[in-house]
Amino acid sequence: MSKVVPTPSAFTPRVFSGIQPSGGLTLGNYLGAIKRFVEIQDQGAFETIYCMVDMHAITVWQNPADLIRNTRELCAGFIASGIDPEKSILINQSQVPEHAQLGWIFNCVARMGWMQRMTQFKDKAGKNAQNASLGLFGYPALMAADILIYHATHVPVGEDQKQHLELTRDIAAKFNHDYGVDFFPLTRPVIEGVATRVMSLRDGAKKMSKSDPSDASRINMTDTADTIAKKIRKARTDSDTLPSESGGLAARPEARNLINIYAALSDQTVEQVLYEVGGKPFAAFKPMLADLSVAKLGPIGAEMARLIADPAEIDRLLTRGSERARNITAPILRQTYDIVGMVPPVPVGSAPWSG
Ligand code: TYM
């Protein structure tokens with residue numbers, strides 16, 4: 001596991017990242033994001049803030065009962081994977097209103113042309129872009145606000161988020177330039193390791209995703225041991241044996257994906273794994289991968305189930321997280337408003353909301 005080292009800057013070394021509560025957690029989310037979040041938290045070199053981005057989730061339709069359940073389940077997934085709500089700040093986005101408030105400012109900074117280039121919008125809106133929500137189009141400006149409302153310096157994500165993080169830097173730079181300040185940091189994406197793009201088990205050219213219609217294409221964090229083993233047994237492969245060196249994986253996307261997953265789960269490099277399994281047929285490798293997956297994911301799934309059984313405790317943790325978050329976000333929003341030229345409140349009002 002590579003260590004993320006804070007870059008010298010005027011800003012406090014601070015990590016922010018988020019996940020949408022728009023369905024179950026997949027192995028892609030775990031290896032590409034959550035496992036990295038835990039490692040960075042435990043290194044102790046950064047203040048860490050991790051978020052369930054419920055406001056991003058509703059850019060496409062979410063059934064309200066599912067959204068609330070998925071948000072709590074995601075919170076359980078974070079904690080079961082090793083996020084400690086004392087060491088990290090754990091929040092759901094809608095409880096920290098400064099995200100949306102800064103998001104509005106950034107809607108006025110970001111340019112239409114920038115947003116139109118976002119591949120994720122094109123993928124998600126599909127052929128019927130006219131019928132997509134305005135929120136889906138503006139999604140990356142809110143994402144920039146999520147990050148910059150904390151002056152976060154580093155953002156660990158999977159590869160699919162790279163373009164959004166470039167846009168975040170563009171927004172910060174334009175804001176700083178337009179107002180003649182050096183207020184928002186140019187945040188560094190942290191896209192590292194062997195699992196920045198975990199692929200579908202059914203198609204090595206497609207990303208593993210919670211929205212894939214085929215459940216067999218992904219491993220869900222709540223899958224049972226039997227289901228995990230079955231999905232790996234059925235994973236698409238080719239008919240060759242495994243190579244002994246990584247060059248041998250170049251034109252074999254399915255083999256590369258399974259080896260990458262094995263390497264990430266066992267904290268090894270691809271070379272170390274191939275040294276161990278090179279020359280083996282898939283019939284011998286798949287049971288090894290299934291056993292490793294069950295050994296690593298089984299305890300997380302079991303702990304998630306235990307935590308989900310007490311939703312009131314999850315809600316308390318999130319409320320506490322949002323209070324801690326707002327100690328950071330409220331002053332940064334106020335300073336932003338001052339830079340932009342918005343009249344601040346003065347303590348004279350008697351209305352209930354003026355305190
Ligand atoms: P989301 O919810 O799609 O995914 C959450 C995280 O999981 C990573 N990920 C993967 N990594 C490797 N392989 C995969 N197959 C895979 N699938 C998902 C994603 O790269 C991501 O890191 N826009 C974000 C949420 C967001 C956010 C933010 C992230 C909102 N605001 C601010 C960082 C900072 C998203 O939709 O992630």
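Counting convention: from 1, in listed order, for ligands and their atoms alike.
Here the heavy atom of the protein found nearest to atom 18 (C) of ligand 1 is Asn29 ND2, 3.2 Å. Among all protein heavy atoms, the one lying closest to atom 12 (C) of ligand 1 is Thr196 O, 3.3 Å. Looking from atom 15 (N) of ligand 1 to the surrounding protein, the closest heavy atom is Val198 O, 2.8 Å. For atom 32 (C) of ligand 1, the nearest protein heavy atom (residue, atom name, distance) is Phe16 CE2, 3.5 Å.
Residue contact check: His56 has heavy atoms under 4.0 Å from atoms 30 (C), 31 (N) of ligand 1. In the vicinity of Gly158, heavy-atom distances shorter than 4.0 Å reach the ligand 1 atoms 11 (N), 19 (C), 20 (O), 22 (O). The contact set between ligand 1 and Gly32, taken as ligand atoms under 4.0 Å from a residue heavy atom, comprises 11 (N), 12 (C). Proximity to Ala33 (heavy-atom distance under 4.0 Å) selects the following atoms of ligand 1: 6 (C), 7 (O), 22 (O). Ligand-side atoms of ligand 1 in range of Ile147: 32 (C), 34 (C), range being under 4.0 angstrom from any heavy atom. Heavy-atom proximity to Val155, at under 4.0 Å, picks out these atoms of ligand 1: 33 (C), 34 (C).
When side chains are defined from C-beta on, Arg218 does not count as touching Arg202, because their heavy atoms never get closer than 4.5 Å. Contact annotation: the side chain of His154 never approaches that of Thr187 to less than 4.5 Å [non-hydrogen atoms, C-beta and beyond]. Between Ser209 and Thr26, every side-chain heavy-atom pair lies at or beyond the 4.5 Å cut-off.
Arg14 places no side-chain N or O within 3.5 Å of a backbone atom of Phe11 that could act as its donor or acceptor partner.
Taking the six-membered ring where the residue is Trp, the centroids of His151 and Phe16 are separated by 6.0 Å or more.
The pair Lys207-Asp212 fails the salt-bridge criterion, with no side-chain N (NZ, NE, NH1 or NH2) lying under 4.0 Å from an Asp/Glu carboxylate O. Using a cutoff of 4.0 Å between basic side-chain nitrogens and carboxylate oxygens, Asp310 and Arg72 are not scored as salt-bridged.
Below 3.5 Å of separation, one finds an N or O of Tyr139 facing an N or O of ligand 1.
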